[in-house]
Amino acid sequence: VSSAEVVQAYLERIEAVNPRLNAVVQLCAPTALQEAGQADRALAQQGPKGPLHGVPMTIKDSFDTAGVVSTWGTPGRAKTVPDQDATVVARLRAAGAILMGKTNTPEFTLSYETDNPIFGPTNNPYNVERTSGGSSGGAAAIVSAGGSPFDIGTDTGGSIRLPSHFCGTAGIKPTSGRVPRTGHAISPGGLLDSFTQVGPIARYVEDLTLLLPLIVGPDGRDPFVAPIPLGDPAVVVLQGMRGTFHVDNGIQTPIPEIAEAVQVAAKTLAEVGIRFEEKRPLGREESLELFSKLFGWDGRAWIRLLLERADTTLDQTSLHHTDAETSATPADVMRLIDRWDQFRMRMLAFISDYDVIIAPVNARQAIPHGTLEDWFDGFSYTMTYNLTGWPAAVVRVGTAQDGLPIGIQVIGKPWREDVTLAIAQHLETTLGGWQPPSV
């Protein structure tokens with residue numbers, strides 16, 4: 001088929017499902033069709049531009065896209081049109097990809113529910129009364145619904161993994177320092193720089209394996225990205241590996257279906273020769289408290305800086321407690337950072353004995369809109385691996401009684417995305433992976 005036919009088919013699918021989802025918030029249909037025609041002509045005359053020649057994509061609205069409104073979900077940027085692509089967008093375009101539109105995100109990506117003052121909430125494609133998750137909820141929703149082959153998300157506390165779990169997609173949060181954030185709402189730098197990573201969301205793990213190498217590596221602008229070689233999942237041998245799994249992190253117990261999904265995943269991997277034991281990392285129970293304190297030590301000064309840079313006023317923002325008081329002294333901050341360092345060292349010592357950790361993504365399946373605070377402790381399952389900065393993939397392995405997807409986390413050692421993707425691929429092949437939603 002031609003690129004023009006593929007782009008047209010996806011645009012028609014977006015038109016059919018987006019009124020119920022509110023996942024795509026900027027559509028570039030005329031430009032996308034024009035670029036598809038150019039791609040078809042170029043293919044006939046010169047051959048492919050790259051591995052994504054003529055392939056359409058959507059991009060989370062927290063990334064700048066040249067010539068296309070890029071709001072970051074905040075009112076001060078409601079009409080902002082950048083003149084330069086974010087690094088990851090530029091790299092995908094260079095590989096031949098065609099931008100069809102931008103997908104919804106909470107303001108500055110800082111929520112587990114995708115909703116913002118400009119575009120409102122994004123619905124789950126399996127049940128529109130439920131959230132698609134956040135912050136890459138628009139991305140996961142439209143990919144799951146068949147409106148886009150792939151999207152690029154970001155993950156500060158679970159924002160690739162949680163929407164992938166809620167919407168039944170595959171996604172990967174790479175190791176901290178793997179992918180540049182130049183041109184992203186949360187720009188490089190700051191005490192919490194290592195929290196936020198950039199990674200792909202798709203329906204199939206093999207697409208993550210295709211996409212990740214296209215976006216990794218230094219760009220000469222993000223000073224926190226390291227030139228570490230990326231391994232190939234195709235040459236990873238699962239037999240003989242060691243793994244550990246846990247169904248409860250000691251903070252919030254998951255629903256029985258999620259606990260069972262983790263056990264099934266571990267059993268499935270044991271059948272191909274991975275030696276598993278049930279054991280959770282010592283100190284993991286600190287994740288929620290430590291994560292929350294690190295985000296709040298400055299009295300939300302960081303949030304106010306983001307708002308200032310975006311020209312969003314306090315009466316416009318959806319981010320609450322922007323003027324929270326803090327009594328933290330320099331000594332308090334030093335002790336907090338030391339506690340974080342100690343946590344990371346203990347976690348690294350734990351995983352040194354294993355190749356993979358299998359764990360829940362969340363304590364629940366997709367929750368109803370507006371109930372985030374009621375279930376907040378359950379989001380601690382993803383926070384742990386933002387604190388460590390390790391790679392973690394999510395793949396669907398089951399279904400809850402209400403028909404909503406259940407994904408699990410596949411966590412690897414630092415820089416071993418090849419292992420996490422190889423294991424996720426086996427789970428997808430064996431247990432089914434993505435299933436078409438009802439929308």
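These numbers come from a predicted model, not from an experiment.
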Worksheet entry | Validation row: Val439, Tyr126 side chains within 4.5 angstrom (heavy atoms) | no

Worksheet item: Within a strict 4.5 Å, meaning less than it, do heavy atoms of the Pro405 and Phe166 side chains meet?
Response: no

Fill in: Side-chain H-bond candidate by donor/acceptor type, Ser194 with Ser176, under 3.5 Å
no

Fill in: Modelled atom types, side-chain donor and acceptor of Glu260 and Gln263, under 3.5 Å
no

Worksheet item: Are side-chain N/O atoms of Thr109 and Thr154 paired as donor and acceptor at under 3.5 Å?
Response: no

Discussion item. Quick check for you: to the nearest 0.5 Å, what is the distance between Trp72 atom CH2 and Ile186 atom CD1?
Written reply: 10.0 Å

Worksheet entry | Asn386 and Asp155 side chains, donor-acceptor separation under 3.5 Å | yes

Worksheet item: Is there a ring-ring contact (aromatic ring centres under 6.0 Å, His included) between Tyr385 and Tyr381 once you walk through the steps?
Response: CA-CA 8 Å; Tyr385 301 104; Tyr381 285 92; 9.6 Å; no

Discussion item. Can a side-chain donor-acceptor contact be found between Arg309 and Thr312 if the only test is distance below 3.5 angstrom?
Written reply: no

Item to complete: Consider only side-chain N and O atoms of Lys102 and Thr65, and report whether a donor and an acceptor are under 3.5 Å apart.
Response: yes

Fill in: Check against side-chain contact (heavy atoms from CB on, under 4.5 Å), Thr80 and Ser70
CA-CA 6 Å; Thr80 298; Ser70 303; 5.6 Å; no

Discussion item. Looking at every non-hydrogen atom in both residues, tell me the closest pair between Val179 and Pro174 and how far apart they are.
Written reply: CG2-CG, 4.1 Å

Discussion item. So does Ala185 get a backbone contact from the side chain of Ser62, meaning a donor-acceptor N/O pair under 3.5 Å?
Written reply: no

Fill in: Glu417-Thr175 side chain donor-acceptor pair, cut-off 3.5 Å
yes

Worksheet item: So how far is it from Glu107 CD to Thr114 OG1, rounded to the nearest 0.5 Å?
Response: 13.0 Å

Discussion item. Whether the Gln365 and Asp402 side chains hold a donor-acceptor pair (N or O, under 3.5 Å, no angle test) is what I'd like checked.
Written reply: yes

Discussion item. Just so I know, are the side chains of Phe245 and Glu277 near enough to count as touching, which here means a heavy-atom distance under 4.5 Å?
Written reply: no

Discussion item. Nearest 0.5 Å, please: how far is CG in Leu348 from CZ in Phe350?
Written reply: 12.0 Å

Discussion item. Could you check whether Arg335 pairs with Asp338 (Lys NZ or Arg NE/NH1/NH2 to Asp/Glu carboxylate O, under 4.0 Å)?
Written reply: no

Item to complete: Tell me, yes or no, whether the heavy-atom count around Arg242 atom CZ, taken from other residues, nucleotides or ligands under 6.0 Å, exceeds 12.
Response: yes

Worksheet item: How long is the span from the CG atom in Asp151 to the NZ atom in Lys60, to the nearest 0.5 Å?
Response: 9.0 Å

Worksheet item: So Leu52 and Leu214, side-chain contact (heavy atoms from CB on, under 4.5 Å) or not? Walk me through it.
Response: CA-CA 10 Å; Leu52 299 179; Leu214 303 177; 3.6 Å; yes

Worksheet item: Taking it one step at a time, do Thr103 and Asp61 satisfy side-chain contact (heavy atoms from CB on, under 4.5 Å)?
Response: CA-CA 5 Å; Thr103 49; Asp61 195 31; 5.9 Å; no

Worksheet entry | No-hydrogen, no-angle side-chain donor-acceptor test under 3.5 Å, Arg284 and His246 | yes

Worksheet item: With a 3.5 Å cut-off and no angle check, do the side chains of His369 and Asn124 form a donor-acceptor pair?
Response: no

Discussion item. Does any part of the side chain of Val395, heavy atoms only, come nearer than 4.5 Å to the side chain of Val397, both counted from C-beta?
Written reply: yes

Worksheet item: side-chain contact (heavy atoms from CB on, under 4.5 Å) between Ser111 and Leu372: does it pass, once the steps are laid out?
Response: CA-CA 9 Å; Ser111 176; Leu372 179 60; 3.8 Å; yes

Worksheet item: Do the side chain of His165 and the main chain of Arg161 share a donor and acceptor less than 3.5 angstrom apart?
Response: no

Worksheet item: Is there a side-chain contact between Leu192 and Trp340 (heavy atoms, below 4.5 Å)?
Response: yes

Fill in: Neighbour count >12 (heavy atoms, 6.0 Å) for atom CD, Gln401
no

Item to complete: Could you tell me whether the side chains of Thr182 and Asp222 share a donor-acceptor contact shorter than 3.5 Å?
Response: no

Item to complete: Determine whether more than 12 heavy atoms belonging to other residues, nucleotides or ligands lie under 6.0 Å from atom CG of Leu282.
Response: no

Practice prompt. Nearest 0.5 Å please: distance from the CD atom of Gln409 over to the OG1 atom of Thr382.
Written response: 6.5 Å

Worksheet item: When rounded to the nearest 0.5 angstrom, what distance separates CZ in Phe119 from OG1 in Thr122?
Response: 10.0 Å

Worksheet item: Heavy-atom distance under 4.5 Å between the side chains of Cys28 and Met100, does that happen here?
Response: no

Item to complete: May I ask you to test the Ile423-Leu238 pair for a side-chain heavy-atom distance under 4.5 Å?
Response: yes

Item to complete: Report yes if some heavy atom in the side chain of Ile172 is under 4.5 Å from a heavy atom in the side chain of Val394; otherwise report no.
Response: no

Discussion item. Could you check, using the six-membered ring where one of them is a Trp, whether Trp302 and Phe195 have ring centers closer than 6.0 angstrom?
Written reply: no

Discussion item. Do Asn249 and Ser380 pair up side chain to side chain, a donor and an acceptor below 3.5 Å, judged on atom types alone?
Written reply: yes

Item to complete: For Gln435, look at atom CD and say whether over 12 heavy atoms of other residues, nucleotides or ligands are found less than 6.0 Å away.
Response: yes

